[in-house]
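Below you'll find the structure, written out as structure tokens, and then a few comments.
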Amino acid sequence: MSITVPSTTPATPSPLTPSPLTPGRQALDSALFQLDQAADQLGLDDGLRTMLATPRRSLTVAVPVRREDGRMDVVQGFRVQHNITRGPAKGGIRFHPSTDLHEVTALAMWMTWKCALVGIPYGGAKGGVAVDPASLTPRELERVTRRYVNEILPIIGPEKDIPAPDVGTDEQTMAWIMDTYSVNAGYSVPGVVTGKPMTLGGSLGRAGATSRGVQISALRALPGSPEGRTVAVQGFGKVGAPAARYLADAGCRVVAVSDVTGAVVNLSGLDVDDLRAWVEETGGVYGYRHADALSHADLLELDVDILVPAALEGVITEENAPRIRARLIVEGANGPTTPGADRILADAGTTVVPDILANAGGVIVSYLEWVQNTQAYSWSAGEVEVKLRDLMEQSYDAVAALSAERGITLRQAAHVIGVGRVAEAHRLRGLYP
Ligand code: NAD
């Protein structure tokens, strides 16, 4: 008997059945649409399509948190392991008020294709806690983190599923996760998370790795010299801020940046380090004195050479895509462009370096961190940089070659390679029992 699932609905119980079109549901629809397109290109049968559309394990947990005033709040947490056929599950943990099971599932699916695309031996996972970290004190944040980790403890581990930072989490979060897991195990287990502080087994080069990958793929995609090319960056966090720095280092002129507090523009070029110092001091780009204010929407539509969306999903849509003037879009964020927008951008001749390629630097160096942890050994920054660059450039070139050969977009080519490798692994392993 073959199981068929409509392309927009994964075969999972109630939490994933159709529901209002939340941002998370839209992200999952985008991920399933991209999978379907790749499956068509690969000629996959219905059974395998269904298997690849269906997360292997989805865990929803209640996370009670004691607030400083003695009240108790309960927030939802999730961990989805989309696929573990090529190796342990791997993916970040997001703390954001609007995260939900749909969003986490989409992000986990993209992780599966990303790891396969860049050739690292991992499956895909993602985690999320529906909480605004800015609304919590540091002690509350630590309690939320430790309780969430305790709830997902049975399914994570260095050989099972290895979390990392994502939106709203950082090295400190990873340190608490490593400690919570290790206390339960009875010994130190640094390989349970990546993106850790150096003192706890972090890797040199991990903090800037996603952004370094964004820079490498931007320079690969850019026709001609980067000198003087204008850049706008949406999101000035762990990915966006270093990406702006690295693109400026390569000779580009970063003219506009936004974060949750606002957007700023200076057509003569922003001093990225000075802007970062301002953000450190004030909490956001809003009010930066050496630039003019801009709306969030206008930043995306600036006439620039390179646009780097590095915030959240679904920001380039059918509605604003016709007004996007950037010649090259390099997706630091996961899922920033909807399939409808993709079509419009492709018709307009805009090159989009897709998320699963452009932001893969993070998981590549996470993999290198995990390898160092499992060997109790460490590499120099230079060694990590060379390995990252090699994998990024090889992956970019393979995607560009397939895109040219088949006349498909870079996103379609990246999915054909990623999905194809996972499908091949399924075929070789066979179906148990
Ligand atoms: P982060 O929390 O460090 O930064 C997010 C940034 O986006 C912040 O500056 C925030 O103010 C800004 N932002 C939020 N809403 C915004 C809006 N509406 N307009 C403009 N800016 C807004 O998160 P991050 O780790 O930098 O992740 C950003 C994106 O990159 C996410 O899509 C994430 O999944 C993806 N990503 C992250 C990594 C990583 O290593 N951290 C790796 C691969 C992909």
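Indexing begins at 1, ligand by ligand and atom by atom, following the structure's order. All residue numbers in this chain count up from 1 along the given sequence.
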_Side-chain (Glu331) to main-chain (Val352) donor-acceptor, under 3.5 angstrom_ = no
*Just wondering, are more than 12 heavy atoms of other shown residues or ligands nearer than 6.0 Å to CZ in Arg66?*
no
*Test of proximity, Leu107 against ligand 1: N or O pairs below 3.5 Å*: no
*What's the shortest distance from atom 40 (O) of ligand 1 to any protein heavy atom, and which residue and atom give it?*
Thr210 OG1, 2.8 Å
*Using a 4.5 Å cut-off on heavy atoms from C-beta on, say whether the side chain of Arg220 contacts that of Asp397.*
yes
*Is there a nitrogen or oxygen of Val239 sitting under 3.5 Å from a nitrogen or oxygen of ligand 1?*
yes
_As an exercise, identify every atom of ligand 1 less than 4.0 angstrom from a heavy atom of Ser258._
20 (C)
*Under 4.0 angstrom from atom 2 (O) of ligand 1, is there any protein heavy atom?*
yes
_Asp166 and Lys238: CA distance, side-chain angles, deciding distance, salt bridge (charged side-chain N to carboxylate O under 4.0 Å, His left out) verdict_ = CA-CA 8 Å; Asp166 191 77; Lys238 296 186 297 298; over 6 Å; no
*Of all the non-hydrogen atoms in the protein, which one sits nearest to atom 4 (O) of ligand 1, and at what distance?*
Gly237 CA, 3.3 Å
*Around atom 23 (O) of ligand 1, find the nearest protein heavy atom and jot down its residue, atom name and distance.*
Val167 CA, 3.4 Å
*Within the structure, does Lys114 bring an N/O atom to less than 3.5 angstrom of an N/O atom in ligand 1?*
no
*Would you find a donor on one side and an acceptor on the other, under 3.5 Å apart, between the side chain of Asn373 and the backbone of Gly201?*
yes
*asked:* Does Glu393 have more than 12 heavy atoms from other residues, nucleotides or ligands lying within 6.0 Å of its CD?
replied: yes
_Whether Arg94 lies under 4.0 Å from ligand 1, heavy atom_ = yes
*Ignoring hydrogens and geometry, is there a side-chain-to-backbone donor-acceptor pair from Thr338 to Gly314 under 3.5 Å?*
no
*Which residue owns the protein heavy atom closest to atom 9 (O) of ligand 1, what's the atom, and how far is it?*
Phe236 N, 3.0 Å
*asked:* Under 3.5 Å between any N/O of Asn359 and any N/O of ligand 1: does that happen in this structure?
replied: no
*Within 6.0 Å of CZ in Arg143, more than 12 heavy atoms from elsewhere*: yes
*Any idea which atoms of ligand 1 are less than 4.0 Å away from a heavy-atom of Gly168?*
2 (O)
*When you look for heavy atoms under 4.0 Å from ligand 1, do you find them on the side chain of Arg206, its backbone, both, or neither?*
side chain
*Which atoms of ligand 1 sit under 4.0 Å from any heavy atom of Gln234?*
19 (N), 20 (C)
_atom 33 (C) of ligand 1 [closest protein heavy-atom partner, distance rounded to 0.1 Å]_ = Asp166 OD1, 3.2 Å
_Pair Glu385 + Arg389: basic N to acidic O under 4.0 Å_ = yes
*Taking atom CZ of Arg325 as the centre, report whether more than 12 heavy atoms of other residues, nucleotides or ligands fall under 6.0 Å from it.*
yes
_Quick test: of every protein heavy atom, which one is nearest to atom 14 (C) of ligand 1, and how far off is it to 0.1 Å?_
Val260 CB, 4.0 Å
_Can you check which of Ala310, Pro336, Ala333 brings a heavy atom nearest to atom 28 (C) of ligand 1?_
Ala310
*For atom 30 (O) of ligand 1, what's the nearest protein heavy atom and its distance?*
Gly332 O, 3.4 Å
*ligand 1 N/O within reach of Lys126 N/O, cut-off under 3.5 Å*: no
*Could you find the nearest protein heavy atom to atom 29 (C) of ligand 1 and give me its residue, atom name and distance?*
Ala311 O, 3.2 Å
*Could you label the plane-to-plane angle of the Tyr288 and His290 rings as parallel, tilted or perpendicular, counting under 30° as parallel and over 60° as perpendicular?*
perpendicular
*Please assess Val416 against Leu402 for the test side chain to side chain contact (heavy atoms under 4.5 Å, CB included), listing each intermediate value before the final yes or no.*
CA-CA 9 Å; Val416 168; Leu402 188 68; 3.8 Å; yes
*His96 to ligand 1, any heavy atom closer than 4.0 Å*: no
_Ligand-side contact atoms (ligand 1) for residue partner His296, heavy atom cut-off under 4.0 Å_ = 19 (N), 20 (C)
*So, does Lys126 use its side chain to make a donor-acceptor pair with the main chain of His82 at under 3.5 Å?*
no
